[in-house]
Amino acid sequence: MSLYKILGGFALAVAAATAAAQQYPTKPITVVVPFTAGGPTDTVTRSLAAAMGKQLGQSVVVENVGGAGGTVGAARVKNAAPDGYTLLLHHIGMSTAPALYRKLQFNPLTDFETVGLVVDVPMTLIARSDFPAANFNEFLKYAKDNKAKMNLANAGIGSASHLCGLLFMSSVQTDFTTVPFKGTSDAMNALLGKQVDFLCDQTTNTTGQIQAGAVKVYGVTSAKRVASLPNVPTLQEDGLKGFEVGVWHGVYAPKGTPKAVIDKLVAAMQAAMKDPDFAKRMADLGATVYGPDKANPAAHSAHLKAEIDKWAPIIKAAGQYAD
Ligand code: ASP
């Protein structure tokens, strides 16, 4: 083949990709949630997907790909076509996975395009409704004598519930048996069914159960109390100095997704985050929605990098690894 033909073919392919990016989206978009349906990440994603769909004029469909603390779903998006039709909504786990997994299937910093930060969600320490401790002090007292028979549920190594559990165990200097699920919707079901004893989970999954009195609650992981749960103390008020975890969430696309597509997604996401239905749902569930200063690729990338650097030494000190 002549050089002219090769160059001509290349130019045609570039023109076609540019045209596709300009017309984007012409079909439904899939957003992968790397945890099970009905859980906290799923709840945030379905709300955002509905609001973004209105902006983009296409449906945004949620696909749940749970497993290995969110790393299976993230790897699936890494390997998807970089055309804007497969996205990922993941949380703080994107920044802790590199320190936790020896054989991680992706590099959060180099295998994805960041689209923007979405929400920051506090966590709550909760127990089954018949757990024999009315407050945090009683919880600690009970745990001292009964730790061998207490089970702490989580959504697998790399999940926010796992991270919170690790920090909690190191704060109270007690090890508990952990029980992993593919998402905290399953962990919550096990807690409601009294098959596990306690769980640290995001308010986007726990608010309704706490308000209904279906679980016991001992504290929130934010620096201040959460407006939708005014009677729940912070874990810092409970005496755990410096105990603070905010589960930030962001949207990602596979590396190489055209800039024109990312720009459209950023605009749609920023507009969706101002949608009254989305804003109200997030506020009711204790989540703080980021402003446009954070809901953009540059701020998201900087935050991701800073969080990877922040968590690596803490996780190393906790001595937790997975393959
Ligand atoms: N966010 C996860 C979920 O949606 C749970 C977690 O990270 O702990 O199930």
Side-chain angles (χ1 to χ4, degrees), residues 31-49 62-77 87-101 104 108 117-127 151-169 176 178-192 196-210 215 217 220-222 235 245-252 281-282 285-288 304 307 311 315 318 320 322:
V31 187
V32 170
V33 168
F35 297 100
T36 43
T41 311
D42 186 69
T43 296
V44 168
T45 309
R46 281 178 202 271
S47 267
L48 183 71
V62 173
E63 185 185 339
N64 298 88
V65 184
T71 60
V72 175
R76 146 109 168 75
V77 175
L87 307 174
L88 171 71
L89 197 148
H90 201 349
H91 62 29
I92 192 169
M94 261 319 233
S95 64
T96 56
L100 287 166
Y101 282 85
L104 193 62
L117 295 169
V118 183
V119 285
D120 188 68
V121 185
M123 305 189 82
T124 44
L125 184 70
I126 57 172
N151 289 322
L152 167 59
N154 66 35
I157 294 180
S159 64
S161 44
H162 169 259
L163 176 69
C164 185
L166 263 190
L167 298 175
F168 182 69
M169 289 194 277
F176 299 100
T178 53
V179 184
F181 294 85
K182 283 188 177 177
T184 47
S185 52
D186 299 346
M188 179 63 86
N189 285 338
L191 195 76
L192 294 172
V196 293
D197 295 306
F198 71 114
L199 167 68
C200 185
D201 194 13
Q202 294 143 78
T203 54
T204 32
N205 201 36
T206 63
T207 299
Q209 305 294 358
I210 292 169
V215 295
V217 59
V220 290
T221 66
S222 41
L235 284 172
V245 190
V247 184
W248 56 272
H249 296 58
V251 174
Y252 302 80
R281 180 113 172 93
M282 292 302 104
L285 294 175
T288 302
L304 174 63
E307 286 281 291
W311 290 112
I315 289 167
Q320 277 263 333

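Atoms within each ligand, like the ligands themselves, are counted from 1 in listed order. All heavy atoms count here, side chains included; hydrogens, waters and symmetry mates do not.
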Does a donor on one side chain and an acceptor on the other come within less than 3.5 Å for Thr184 and Ser161?
-> no
What side-chain donor-acceptor pairs closer than 3.5 Å can you find for residues 64-74, not counting sequence neighbours?
from, atom 1, to, atom 2, distance (Å)
Asn64, OD1, Arg46, NH2, 3.0
Asn64, ND2, Phe35, O, 3.1
Asn64, ND2, Asp42, OD1, 2.9
Thr71, OG1, Ala68, O, 2.8

Report the C-alpha separation of Leu87 and Val32 in whole Å, then their side-chain angles, then the decisive distance to 0.1 Å, and conclude whether the side-chain contact (heavy atoms from CB on, under 4.5 Å) test is met.
-> CA-CA 6 Å; Leu87 307 174; Val32 170; over 6 Å; no
Partners meeting side-chain contact (heavy atoms from CB on, under 4.5 Å) with Thr221 (sequence neighbours left out) | Pro122, Met123, Cys164, Cys200, Leu235, Phe243, Val245
Quick one: table the atom pairs, ligand 1 N or O against protein N or O, below 3.5 Å, distance rounded to 0.1 Å.
from, atom 1, to, atom 2, distance (Å)
ligand 1, 1 (N), Thr41, OG1, 2.6
ligand 1, 1 (N), His91, NE2, 3.3
ligand 1, 1 (N), Gln202, NE2, 3.1
ligand 1, 4 (O), Thr41, N, 3.1
ligand 1, 4 (O), Thr41, OG1, 3.0
ligand 1, 7 (O), His91, NE2, 2.7
ligand 1, 7 (O), Ala160, N, 2.8
ligand 1, 8 (O), Ala160, N, 3.4
ligand 1, 8 (O), Ser161, N, 2.8
ligand 1, 8 (O), Ser161, OG, 2.5
ligand 1, 9 (O), Thr184, N, 2.7
ligand 1, 9 (O), Thr184, OG1, 3.3

Return the orientation label for the His91 and His249 ring planes: parallel under 30°, perpendicular over 60°, tilted otherwise.
-> perpendicular
For Thr178, all residues meeting side-chain contact (heavy atoms from CB on, under 4.5 Å), sequence neighbours excluded = Leu152, Asn154, Met169
